[in-house]
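In what follows, a structure is listed as structure tokens, so that the remarks can point back to it.
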Amino acid sequence: MTGLDEFFDYVNSLGAERFTRIFWFFVFFELFRYMVIDLVVLTIAKILKVLNRKKTQEALNRFYLEQPLVSIIIPGKNEGKHIFKLVKSLREQNYKNVEIIVVDDGSDDDTPTIGRDMERNGFIDKFVRNEFRGGKASAANLALRLTNGKFIVHLDADCSYNYDAIQQIILPFYMDSKIGGVGGNVMVRNYKKSLAATLQAIEYYDTISIGRVVVSQLGIYRIISGAFGAFRADAMSQIQGWDIGPGLDGDISVKIRKMGYKVKFASDAVCLTNAPDTFRKLAKQRLRWDKSLIRFRVRKHRDVFYPSQHFNFSSFFSFLENITYNIVLNVKWYIYFIDMVFNFPHELSFILTMNFFLYTCTNYFKFLVFSLYRTEKNTSISYFLAYIPLMVIYFGYYLRIVRSIAYIQEFFFKKSYDDPWNPPKTSKYAKELGL
Amino acid sequence: MALENVKINASSGTIEYLNTKYIYVSQSRDLKIDRSVSYAGIIIDGKNLDFTKMVVKRIRGNQNSEIYLKPIIILNGNAHRDVFIKNLIDGVIFSFDQIPLINEHVSEINNLSKEITIINSISFEAMIVSKLLYFMFTRNLKMLEPVPYALSNTNYSFPFLACNFSDFEEFQVLEMLEIATQEGLFKHKFLDRIYLCSNCKSSHLSFREACPKCGSSHTDTFDIVHHFPCAYVGPITDFTNDIDDQLNCPKCSKKLKHIGVDYDKPSVLHQCKNCDNRFQDFHVKAKCMSCTFDNPVETLVDKEINEYTLTKKGESYALQGYVSTPKDIEDIIGTVKFDTFKTVCRYEVERLRQTEGSSNIVAINIVNAGQFYAKVGSNAQQMLLKDLVGEIRSSIRSSDMITFYSSSVILVTMFEIPTKISQRIMDDVLKLLEKLIQNNFKDLVIEIKSNVHQLNYNLSSELQINQLIGM
């Protein structure tokens with residue numbers, strides 16, 4: 001009898017009850033939350049999009065009639081090498097009434113020369129340099145002070161944008177006056193560079209992009225990407241800009257929600273970014289992201305759960321969903337693992353194989369079916385099909401382990417305050433004040 | 001020296017000393033420039049600087065060589081201390097009885113003036129260069145130095161040349177000197193660099209820092225403060241209050257304690273009071289004080305200020321006159337630039353090295369061009385040169401090239417043709433040219449020579465052209 005025959009015999013021997021008992025984690029959490037709910041909400045979103053076509057067109061007409069000034073701010077350190085490419089993609093935009101402000105946060109390369117040259121030649125409207133590095137938040141806040149626009153668009157210098165990206169990210173503001181911030185749809189430009197980049201491209205396609213359409217539709221969208229986010233200038237003035245990072249994009253989304261504004265995701269506003277091309281770099285990035293979840297959701301903004309003058313249900317559920325599906329489920333997965341080791345020690349190899357099979361099938365199903373709901377993609381999806389089976393290891397093990405490490409580091413040791421992403425002079429105070 | 005030898009005729013405004021007559025100009029009504037032709041020199045009353053300058057400029061700026069080369073003497077006053085005037089006059093006396101002191105110098109200038117063959121130049125540029133060369137020759141000047149002069153529109157003045165232009169056109173002096181230098185009449189040595197308004201070419205500029213948006217220099221400057229704990233960034237005024245002199249963060253309300261510890265000042269911003277634009281880097285602008293145009297400094301016209309030394313070629317042109325600039329003769333249809341001609345000859349020598357064929361270059365020289373140009377106007381000169389080129393072109397193959405080395409020397413290529421045949425063709429051309437001149441300029445005798453040179457591939461083309469021109 002071969003191993004395969006044994007596996008099929010094992011699967012045949014499972015009744016519905018036993019299947020649910022053994023694969024409860026998959027059935028109740030992964031299948032239900034990330035496939036059934038996603039599919040239902042995506043369908044609703046699709047139908048609403050069709051129904052709202054007239055409303056969308058009217059909003060577009062209002063937008064072009066008003067022609068508001070859009071201030072594009074690009075804060076960063078040592079980003080000079082990217083600026084020209086970025087500005088080139090911005091000059092191609094179909095919406096032209098923009099001002100581009102670049103803030104150099106104490107670069108030690110030739111960014112000042114490049115920036116000043118571009119300002120002098122009219123490629124950008126303002127170039128401002130901080131002689132001492134103050135961190136991304138302070139650079140963004142300085143840029144914010146120099147803006148004159150009705151809307152502020154925050155970009156990362158190493159990204160490029162679809163020709164209608166600015167129009168698409170501003171449009172939601174004209175569809176609902178309560179919207180205070182809109183997140184753009186970030187896709188991976190360098191998906192062919194390495195396996196790590198390819199797997200991230202799939203992740204961005206499904207979990208991030210599709211996931212954001214779903215949470216946005218549910219009204220619990222929580223992170224306006226730092227690479228491409230738009231804000232109402234008056235809302236930014238009320239919240240007085242960004243606070244210290246890392247994770248300042250998630251933080252500012254919460255601050256906007258707390259002021260009573262809605263936060264939306266614009267899937268048609270496409271931005272291409274370079275993803276980390278090695279698993280080591282990716283781990284560093286994800287450790288930073290995951291630590292900020294604890295720091296901002298669990299600590300800094302825990303008042304979202306308490307009744308207060310800023311309490312609102314969308315923020316409450318947004319946090320609840322975020323914490324449940326990231327922190328609680330992460331812990332639950334370990335519980336599931338222990339459950340299997342202790343209660344089904346002789347079936348472990350079959351359980352692992354079956355889980356791999358179930359997740360892979362689900363991933364293929366989601367990847368293909370969700371394609372019907374994607375309005376934008378930057379390459380043919382067929383390229384990724386061969387890599388889908390690896391997503392089980394990528395999601396189920398690699399990212400889960402990284403996330404677990406991040407949670408432990410932040411929960412017990414507040415490691416995010418030691419992250420070199422932010423200068424120590426600012427992190428020190430943020431830690432003292434619990435920001 | 002005795003005053004009795006100096007005769008002053010108050011009614012006619014003339015002074016005579018040993019048969020040498022001077023015209024005396026002390027007021028505007030005395031200024032009848034044409035009268036000065038028959039006098040040895042002009043004595044100007046130098047009490048009034050503006051008056052003196054006006055008279056001197058009118059004399060030196062005149063087109064008639066018998067007027068602009070006339071010796072000028074300043075009597076009395078301080079006008080000669082003005083650097084502009086100082087460079088245009090030939091002497092200073094403090095009373096008429098000092099005339100004997102300058103008389104010899106005046107005679108010397110007049111004698112040198114007689115040695116010059118005054119010709120009519122084809123273009124204005126050539127005429128100005130000729131004037132300069134004549135002036136330098138008659139004053140024994142070998143060097144032309146710029147004078148720092150605040151009243152000049154270019155801040156540095158070449159006084160003799162400046163007399164030929166209005167204040168607003170003075171920048172053209174530098175262009176004249178560029179032409180003369182390119183022609184090899186002067187060598188130059190760098191002294192300084194000036195910047196001119198892109199609109200009116202004046203050098204009277206006011207440099208200042210201005211708002212990049214509206215160009216106003218009415219601005220405020222303030223420090224930007226970064227509060228570390230909350231990442232608030234704003235001007236220092238955001239942190240001050242009316243009650244005490246403490247600094248408080250408007251975002252988190254915390255007191256700012258210690259620069260470098262809980263806050264810093266990472267940059268400086270400027271705010272325009274005219275348009276409210278906030279910026280970090282000023283645009284440097286240069287406002288022209290002559291025409292009020294506000295120039296971005298990148299658009300200013302920069303010019304070198306050099307001192308010029310007359311070359312041997314320049315000295316010889318000072319005697320025979322400078323008929324035309326290269327640009328004047330380049331404009332004649334059917335010719336190529338001299339540089340192009342040299343390049344073609346260089347390639348031909350290279351080609352001959354491979355093929356060992358026979359190619360020639362020919363020089364046609366108008367031997368008495370100076371006399372001719374002195375007698376006819378610039379239109380006639382240009383017409384002659386055009387006719388000469390037309391006749392030569394009709395006698396040679398279309399693949400051959402014609403160029404002007406100067407207004408009296410024409411060079412022609414005659415490649416891939418035996419020298420004897422080239423010589424024969426040239427003999428025919430000379431006959432045609434002589435006939436042409438006889439028909440058009442009946443009273444003039446013009447001598448034309450030609451020289452055919454077979455290109456030798458063992459020698460450089462440059463050397464062979466020079467040998468040919470030497471004729």
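Residue numbering restarts at 1 for every chain, and letters A, B, ... go by the order of the sequence lines.
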Does any heavy atom of chain B fall under 4.5 Å from the side chain of A/L248, the backbone, both, or neither of them? neither

Side chains of A/L144 and B/V233 in contact at under 4.5 Å (non-hydrogen atoms): no

Taken to the nearest 0.5 Å, the spacing of B/I224 CD1 from A/N130 CG works out to 8.5 Å

Highest number of heavy-atom pairs under 4.5 Å with chain B: which of A/E131, A/E119, A/R133? A/E131

Output the option from B/P250, B/P266, B/S267, B/P212 having the highest count of non-hydrogen pairs under 4.5 Å with chain A. B/P266

Check this for me, if you would: do B/K251 and A/D243 make a salt bridge, where the nitrogen-to-carboxylate-oxygen distance has to be below 4.0 angstrom? yes

Tell me whether the count of non-hydrogen atoms from other residues, nucleotides or ligands lying under 6.0 Å of NZ in B/K255 goes above 12. no

What do you reckon, is NZ of B/K187 surrounded by more than 12 foreign heavy atoms closer than 6.0 Å? no

Using a 4.5 angstrom heavy-atom cutoff, name the option from B/G260, B/P296, B/P235, B/C252 with the most pairs to chain A. B/P235

At what distance, to the nearest 0.5 angstrom, does CG of A/N148 lie from CG of B/D276? 9.0 Å

Going by an N to O cut-off under 4.0 Å, is there a salt bridge joining B/D281 and A/R120? no

Part of A/K425 within contact of chain B (heavy atom distance under 4.5 Å): both

Is A/F413 atom CZ crowded by more than 12 heavy atoms from other residues, nucleotides or ligands, each under 6.0 Å away? no

More than 12 heavy atoms of other residues, nucleotides or ligands under 6.0 Å from NZ of A/K85: is that the case? no

Heavy-atom closest contact (B/A231 atom, A/I244 atom, distance): CB-CG1, 4.0 Å

Checking heavy atoms, do the side chain of B/V261, its backbone, both or neither come under 4.5 Å from chain A? both

Enclosure of B/F190 CZ (heavy-atom neighbours >12, cutoff 6.0 Å): yes

Is atom CZ of A/F411 surrounded by more than 12 heavy atoms (other residues, nucleotides or ligands) closer than 6.0 Å? no

Counting only heavy atoms from other residues, nucleotides and ligands, does the tally under 6.0 Å from NZ of B/K254 exceed 12? no

Would you say the side-chain atoms of B/Q280 pair up with the backbone N or O of A/R129, donor to acceptor, closer than 3.5 Å? yes

Looking only at non-hydrogen atoms, find the nearest pair between B/H226 and A/T426 and report the distance. CE1-CG2, 3.8 Å

Rounded to the nearest 0.5 Å, the NZ atom of B/K213 sits from the CG atom of A/D125 at a distance of 9.0 Å

Step through the shown structure and confirm whether more than 12 heavy atoms of other residues, nucleotides or ligands are within 6.0 Å of CZ on B/R346. yes

So CD of A/Q240 and OH of B/Y232: to nearest 0.5 Å the spacing works out to 6.0 Å

Cationic N near anionic O, under 4.0 Å, A/R145 to B/D238: yes

